[in-house]
There are 4 protein chains.
Amino acid sequence: MRADARRNRDRITAAALALVAERGPEVPMEEIARAAGLGVGTLYRHFPDRGALLEEISVAGLVDLRDAARALLDAGGPPWAAVEGFVAHCAGRPLALIKALAETVPAPPEREELQGEVDTLMLRMVGAAQAAGALRADLAPADAVAVLSAVVCRPGVRAGDALTTVLLDGLRAR
Amino acid sequence: MRADARRNRDRITAAALALVAERGPEVPMEEIARAAGLGVGTLYRHFPDRGALLEEISVAGLVDLRDAARALLDAGGPPWAAVEGFVAHCAGRPLALIKALAETVPAPPEREELQGEVDTLMLRMVGAAQAAGALRADLAPADAVAVLSAVVCRPGVRAGDALTTVLLDGLRAR
Amino acid sequence: MRADARRNRDRITAAALALVAERGPEVPMEEIARAAGLGVGTLYRHFPDRGALLEEISVAGLVDLRDAARALLDAGGPPWAAVEGFVAHCAGRPLALIKALAETVPAPPEREELQGEVDTLMLRMVGAAQAAGALRADLAPADAVAVLSAVVCRPGVRAGDALTTVLLDGLRAR
Amino acid sequence: MRADARRNRDRITAAALALVAERGPEVPMEEIARAAGLGVGTLYRHFPDRGALLEEISVAGLVDLRDAARALLDAGGPPWAAVEGFVAHCAGRPLALIKALAETVPAPPEREELQGEVDTLMLRMVGAAQAAGALRADLAPADAVAVLSAVVCRPGVRAGDALTTVLLDGLRAR
DNA sequence: AATGAATGAGCTTTCATTCAT
DNA sequence: AATGAATGAAAGCTCATTCAT
């Protein structure tokens, strides 16, 4: 792939991410192109249709999530620190968007798989924290994961804000 | 207003609520009309444009919220019970939708005012719970309200589900 | 169907027939609409997409062909007269167009069936003429039908012109 | 012109001929280029626009036709044999396409002239056959030429097929 | 008053053509 | 000279809204 094509592709995904986050998944393709400083035709050369573009965005988000979860688990610190670190990592990322897209765009196999990896990693994270007695034991691991996901995916969450504080306190073993 | 007109109007708002909740705020007007068992023309007789219809939905939701909050406060029970009662009341209502609309559709004065009333009532509810020592005191009331909103605005929220439990536990004074 | 809708539908098919015959099956939909004195939206209300419109045209053409063939057979005149009459009927109709469409647009069951009826009727017509000793016997009936179709479908054929004269003389038994 | 440029040009016209015959005159330029194993840029280096490419195709077809007609006339065999030879020569060539293009693409002077030459040659061929008593005399030469064109321009024509047989028999003097 | 047909602006997508690499 | 990326105009189609029936 030519260097300029690569650069343009990246500009497009960045612009799309920003605009979709701000205005929803129906922003005119032309605006995305304009925001990327390109013509629509170029956008369509890189992504055959809107679906492909949205897919790219959601996949990139999941990759980021998976990598973060994996790094925290591999770091080998205290399990609860991994949970806190994960929440901090997610805060401020447009996960709401990614989740919304995951519901809108039909999932390609690639994304199914990624979603599965993320789920598995989060389950391990939560399970380890429970095993260490840091996370309350009266929740099924899957429920704890669901709680984490739900909070972390709200637009505008920030590490240390009231919601994450309450969430982490609510999850902690007494 | 004639009885049949009233009935038609109600059918329209019900259909719109259901369809917007299910398919997003861009559902074709024609589908809303069809779901209501009416022609588009009739829909437009009741609501001059899509904005007015969405507004109606969100206003109706806020009215319901305000009335519930007010009733719980007026009931005079223990303050924490009011908080739990509020969560229970909201369960199963499409508040997420209403909130989303509130961000999408420009707010008419009527809704601004309603929103203000709801905010005030929730602040009173939270303040009372803090005064009674039931709700942790290290949170600004406005932050506690934000957390409560987050609990209540999840689509599909149920009283007693994992997230509700965790967040209410996190809000409680130790 | 309302009277005005019916009228508009007919205008659309007439305009489409003329324009497609003149400029090929890719004429802008907007031009067809304009030629019919209508907006594009109306065109699309009647035909969900270009394919549906082309289909309508080709089906109408086949119906006409079938009816003509049937009438000539039922008239009970001399078999060769039916063949001549059929050629005369077809001359000047945009059958080339219909045939071209039949190759372009994927055939719906309705058209398959019509095509079958036309084929059957033409085979009967040709078979009768052979049985009567009017049409040369060294041609398989299906070949004779193919010859007839091919000539009759050329744009611009006219009854009595050189091509039809030569065709009929060439088909006649010596 | 360099040998490779020549080769590229020929590949392009061959690919264009095949694709246009198969899919109509609106095949994307990019597909023609791909079929020729080249980039679009190279295609445009050889032909300034689509019109020029189509023109090239139709001109090449007419040149072939003219040369064949001329050779048959110059061969000095029996006039009717020239007619049959002409039909045989055309079999398998996409003359229908060439004719269609001749109607679609505005004719440059070069093609006008070629067309004129072909017409003249065919008229001479037909005239000679009439003079020899082989071709029926009750047709104007131009009409006989039109019939001959019809024979020869069918896509898929083969010497000896049903239509060719019927029409040549129809043309023959009794 | 209800209906649903007509309108036309707006968005998606395609593709001829140009031009940087 | 060849390539294939970028452009933007044009065409298909959808849908909010209006208005004749």
Side-chain angles (χ1 to χ4, degrees), chain A residues 1-9 11-12 26-34 36-53, chain B residues 1-2 4-5 8 26-34 36-53, chain C residues 1-9 11-12 26-34 36-53, chain D residues 1-2 4-5 8 26-34 36-53:
Chain A
M1 186 178 243
R2 247 161 61 178
D4 55 343
R6 171 86 254 159
R7 190 168 53 249
N8 285 336
R9 187 184 175 95
R11 277 190 196 162
I12 291 170
E26 329 234 333
V27 247
M29 295 295 263
E30 185 127 14
E31 282 196 45
I32 297 178
R34 185 165 38 252
L38 297 165
V40 240
T42 306
L43 195 164
Y44 276 94
R45 165 175 285 270
H46 286 284
F47 300 95
D49 56 23
R50 170 184 297 274
L53 178 54
Chain B
M1 181 179 265
R2 265 166 47 179
D4 58 342
N8 283 343
E26 330 235 332
V27 249
M29 296 294 266
E30 184 128 12
E31 282 196 46
I32 297 176
R34 185 165 40 249
L38 298 167
V40 244
T42 308
L43 193 162
Y44 275 90
R45 167 171 297 273
H46 286 282
F47 300 95
D49 57 23
R50 168 186 296 274
L53 177 53
Chain C
M1 183 179 246
R2 248 161 59 178
D4 56 343
R6 171 86 255 158
R7 188 168 54 250
N8 284 337
R9 187 184 175 95
R11 277 189 197 165
I12 291 168
E26 330 234 333
V27 245
M29 296 295 263
E30 185 126 14
E31 282 196 46
I32 298 177
R34 183 164 41 250
L38 298 165
V40 240
T42 307
L43 195 163
Y44 278 95
R45 165 175 285 271
H46 287 284
F47 301 96
D49 56 22
R50 171 186 297 275
L53 178 54
Chain D
M1 182 180 266
R2 264 166 48 179
D4 58 342
N8 283 342
E26 329 236 329
V27 249
M29 295 295 265
E30 186 129 9
E31 282 196 45
I32 297 176
R34 186 166 37 250
L38 299 166
V40 245
T42 308
L43 193 164
Y44 274 90
R45 167 171 297 273
H46 286 282
F47 300 95
D49 58 23
R50 169 187 296 273
L53 177 54

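For the numbers below, each heavy atom of this structure counts, side chains included, while hydrogens, waters and symmetry mates do not. Per chain, numbering begins at 1; letters A, B, ... match sequence-line order. Here the structure is a predicted model, which means the values were calculated and not measured.
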Check your understanding: Nearest nucleotide by nearest heavy atom, which residue falls closer to the 5' end of DNA chain F, R6(A) or P28(B)?
Key ->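 Its nearest nucleotide lies further toward 5', so the answer is R6(A).
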
Exercise for review: Using heavy atoms to find the nearest nucleotide of DNA chain F for N8(A) and M29(C) separately, return the residue whose nucleotide is more 5′.
Suggested key: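 The residue mapped nearer the 5' terminus is N8(A).
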
Practice item. Only one of N8(D), I32(D), L43(D) passes side chain to side chain contact (heavy atoms under 4.5 Å, CB included) with L38(D); say which it is. Key: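 Exactly one candidate clears the test, N8(D).
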
Mind calculating the distance between [atom1] ([X]) and [atom2] ([N]) to the nearest angstrom?
X	N	atom1	atom2	answer
I32(D)	dG4(F)	CD1	C1'	17 Å
E30(A)	dT14(E)	CD	P	15 Å
E26(D)	dA10(F)	CD	C1'	13 Å
R34(B)	dG4(E)	CZ	C1'	12 Å
F47(C)	dA6(E)	CZ	P	12 Å
L53(B)	dC15(F)	CG	P	16 Å

Check whether any side-chain N or O of [X] sits under 4.0 Å from OP1 or OP2 of [N], and answer yes or no.
X	N	answer
T42(A)	dA5(F)	no
R50(D)	dT17(E)	no
R45(D)	dA2(F)	yes
H46(D)	dA1(F)	no

Practice item. List the atom of I12(C), the atom of F47(C), and the distance in Å for their closest heavy-atom pair. Key: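 That closest heavy-atom pairing would be CG2-CE1, 3.8 Å.
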
Check your understanding: For R7(C), does its backbone N or O pair with a side-chain atom of D4(C) as donor and acceptor, under 3.5 Å?
Key ->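 Absent.
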
**Study point:** Donor-acceptor contact below 3.5 Å, side chain R50(B) vs main chain V27(B)
**Key:**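 Flag set: sc R50(B) to bb V27(B) pair under 3.5 Å.
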
Looking at [options], which one has an atom nearest to any side-chain atom of [X]?
X	options	result
D49(A)	dT13(E), dT17(E), dA9(E)	dT13(E)
R2(C)	dT21(F), dT7(E), dC15(F)	dT21(F)
Y44(D)	dT3(E), dA5(E), dA16(E)	dA16(E)

Practice item. Could you say whether R7(A) or A5(C) is positioned toward the 5' end of DNA chain E, judged by the nucleotide with the nearest heavy atom to each? Key: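 By nearest-heavy-atom nucleotide position, the 5'-most residue is A5(C).
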
Review point. For DNA chain E, whose closest nucleotide is more 5', that of V27(D) or that of R9(C)?
Key: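 Checking each residue's closest nucleotide, the 5'-ward one belongs to R9(C).
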
Exercise for review: Describe the nucleic acid contact of D4(D) in one word from base, sugar-phosphate, nothing, applying a heavy-atom distance below 4.0 Å.
Suggested key: nothing

Exercise for review: Quick one: the dot-bracket string of DNA chain F, using Watson-Crick and G-U wobble pairs with both distances under 3.5 Å, [ ] for crossing pairs and | for bases paired to another strand.
Suggested key: .||||||||||||||||||||

Study note, to complete from the structure: Separation between CG (L53(D)) and NE2 (H46(D)), nearest 0.5 Å, reads 11.0 Å

